[in-house]
Amino acid sequence: MDTEIELKFLVSDAVIPLIPALITQFAKTVTNKPSRSLQNAYFDTPSRELRALDIGFRTRCADNQCEQTIKLAGEVMGGLHQRPEYNLPLDGSRPDLSAFDANIWPHGMQVNVIAQNLYPIFSTNFIRRTWLIETNSGAKIEVVLDKGEVAASAKVEPICELEIELVEGSRNELFTLADILVGQSNIRLGLYSKAARGYRLADEKPLKPSKSIGFVSLPDNATQEQALIEAISFGIRFVQKHEQCYFDKPSLKTLKRVTDGISLIRHTFWLFDDIVDKSTTERLRTELKWLLSELAWVENAIQLKTYTSKRHAYYKKINSAPELTQVINDLKELQPSIEDINRLFHSARYNRLLLSLTTWLVDKQWRKSWGQTQFQAAEQPVADIAPRLFDKDWKDLHQLLPEQKTLTFKDYLNLRTRLENSLLSGNCLGSLFEKDDRNEFRIPWLDISHGMYELSTLEYLKQLCAGQDDDELAKIQNWLEKKSEYLVSAMEQSRLASYKISPYWL
């Protein structure tokens, strides 16, 4: 068995000629291997039983020789992929699952039944260029450039990937080379394997943005440190998923999901401050703040789009005021373009941030400032700690939102960030608790959070109407005030009802 430890990059044609020079400046020696044409077929059952187990099974033929490969479930942190891999020579093109050691399979897997129902799902065919490099410290890294296509039925997608795999030596050398690579434009970290892309193509299930951020999956016996790792990993994957969704089909809501992932990562640093000292995340937090500032325009852009959508009540009102319509259209013209966002996602600073987060996770850099107290806290079951974290958070919020006080439009706008952060704690640790109880408690507060967003949408439109002496704009202002009052009244009902629901963590 081999365990792959590799970083994957998506590259454009423009950067391919630069790769030899980039790796040469990093390496002590470079061995250039002959290019090879690789034909790969991926197998599964009609019900995708291997996929459900996160097992990849393929045949590969090159230079009149074939092999079959099993890749078992591993882990992905940022761009770092680590998966157990088993290779066996193959006579002919039909794979044979029974040839592999029976001990490698997950418990309960019905190998013989699966073997009888295998058929080729998709293929990947590409030209592979390979360089084996040795660094000054003696580490050996294989650099692989694959250019070709993934095909399923009559559908085809291009492949243009660069992978760097640690063969021998320190993993730090892999990240050092990665840092050099992402310093170039038109290179970005890749999340999805060729197999994942092939399955999506074959099953006609394109990558789609998530409707919400969801919950970090945690085992019942997870320690606090394991929960930290899972939450940060989840956040990085969420950002990378929606980055790819944006390349596939650009939309403002997809960019909003990117900012949601960034916010979750930042919140996780704060949530686990028992074991994560601020000194270990200072640079990361600075860069996360930068990225959020680069995408700060997205919410207003979504609101501007809402104002001009025929599906919304705003449309008819705004259309009656040509001056306002012109202001909105002018603001939309000032928004960053799709090309601007593509440049951001290809930028060295963005990809170095993802790489730094991955390095922070893999090297467990939060441990550098630990004493005995932190070691003990890290080993505590997070299920025992979560109630204390939630309780403190929500008591603080209730002091800001006292049951006896009637809240105003401005009160809700001022408390929006605070409420959203409290809800993020539930996204990080909520999976430890019973789903129905969790949902019953969270739904009123999610309604309030959505109401706060609607209030900000109304407030932004008020600002666009302000300062102009126009009868139509005055009518719109009056309409907005009434809508705000109605919305605040509904939010107050939700808030008062929420106090009667027992917290799900107690």
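Side chains included, hydrogens not; waters and symmetry mates left out as well; all remaining heavy atoms used.
- Across all non-hydrogen atoms, the minimal contact from Lys194 to Thr124 is CB-CG2, 4.2 Å.
- Ser431 places a side-chain N or O within donor-acceptor distance of the main-chain N or O of Val216, the cut-off being under 3.5 Å.
- One side chain, Arg418 or Ser422, offers a donor N or O that lies under 3.5 Å from an acceptor on the other.
- Judged by distance alone, the side chains of Ser210 and Lys241 do bring a donor and an acceptor atom under 3.5 Å apart.
- A salt bridge (charged side-chain N to carboxylate O under 4.0 Å, His left out) with Asp146 is found for one member of Lys8, Arg129, Arg128 and no other, namely Arg128.
- Taking all atoms of both residues into account, the shortest heavy-atom contact from His242 to Thr254 is O-CG2, 3.1 Å.
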Take Lys435 and Glu440 through the salt bridge (Lys or Arg N to Asp or Glu O under 4.0 Å) test and state the conclusion after the steps. CA-CA 9 Å; Lys435 181 180 178 181; Glu440 183 184 13; over 6 Å; no
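- Screening Ile133, Thr176, Val167 against Ile141 for a side-chain contact (heavy atoms from CB on, under 4.5 Å) leaves a single residue, Ile133.
- For the pair Arg200 and Tyr192, the cation-pi test (distance below 6.0 Å, angle within 45°) is passed.
- Leu189 places a side-chain heavy atom less than 4.5 Å from the side chain of Gln240.
- The side-chain contact (heavy atoms from CB on, under 4.5 Å) test with Met452 is passed by exactly one of Asn414, Leu415, Leu413: Leu415.
- Using bins of under 30°, 30° to 60° and over 60° for the plane-to-plane angle, the ring pair Phe238/Phe234 lands in the parallel bin.
- Formation of a donor-acceptor pair under 3.5 Å by the Asp44 side chain with backbone atoms of Leu50 is found in this model.
- Here Arg367 pairs with Glu225 in a salt bridge; the nearest charged N to carboxylate O distance falls below 4.0 Å.
- Residues Glu243 and Tyr350 meet the side-chain proximity criterion, which asks for heavy atoms closer than 4.5 Å.
- Side chain to side chain, Asn439 and Tyr504 fail the donor-acceptor criterion of an N or O pair below 3.5 Å.
- In terms of heavy-atom proximity, Thr268 sits nearest to Leu228 at CG2-CD1, 3.9 Å.
- Without hydrogens or angle criteria, Gln226 side chain to Thr223 main chain gives a donor-acceptor distance under 3.5 Å.
- A salt bridge is absent between Glu492 and Lys405; no separation between the charged side-chain nitrogens and carboxylate oxygens falls under 4.0 Å.
- Not counting sequence neighbours, the partners of Phe375 by the ring-ring contact (aromatic ring centres under 6.0 Å, His included) test are Trp370.
- Taking the six-membered ring for Trp and thresholds of 30 and 60 degrees, His398 and Tyr499 have ring planes more than 60 degrees apart, a perpendicular arrangement.
- Salt-bridge check for Asp260 with Arg257: passed, with a basic side-chain N closer than 4.0 Å to an acidic carboxylate O.
- Sorted by first and then second residue, the side chain to side chain donor-acceptor pair (under 3.5 Å) pairs involving residues 335-349 (not counting sequence neighbours) are Glu287-Arg349, Ser337-Glu339, Ser337-Asp340, Asp340-Arg343.
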Between Ser425 and Asp393, is a side chain to side chain donor-acceptor pair (under 3.5 Å) present by the stated rule, with each step listed? CA-CA 9 Å; Ser425 295; Asp393 210 13; 3.2 Å; yes
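- The pair Glu420-Arg416 meets the salt-bridge criterion, with a side-chain N (NZ, NE, NH1 or NH2) lying under 4.0 Å from an Asp/Glu carboxylate O.
- Side-chain contact between Leu264 and Cys428: present, with at least one pair of heavy atoms (C-beta onward) separated by less than 4.5 Å.
- Note that Arg188 lies in the cation-pi zone of Phe247, set by a 6.0 Å cut-off to the ring centre and a 45° limit from the axis.
- Side-chain contact check for Trp366 and Gln374: no donor-acceptor pair (N or O, by modelled atom type) lies under 3.5 Å.
- In this structure, a donor-acceptor pair under 3.5 Å is present between the side chains of Ser456 and Gln303.
- Defined by atom type and a distance below 3.5 Å, a donor-acceptor pair is missing between the side-chain atoms of Thr69 and Glu85.
- In this structure, Arg197 contributes its side chain and Pro158 its backbone to a donor-acceptor pair below 3.5 Å.
- Between Phe390 and Phe433, the ring planes are tilted. Angles from 30° to 60° get that label.
- Side-chain contact, Thr408 with Asp411: a donor N or O sits under 3.5 Å from an acceptor N or O.
- A donor and an acceptor atom, one from each side chain of Ser356 and Arg352, are nowhere located under 3.5 Å apart.
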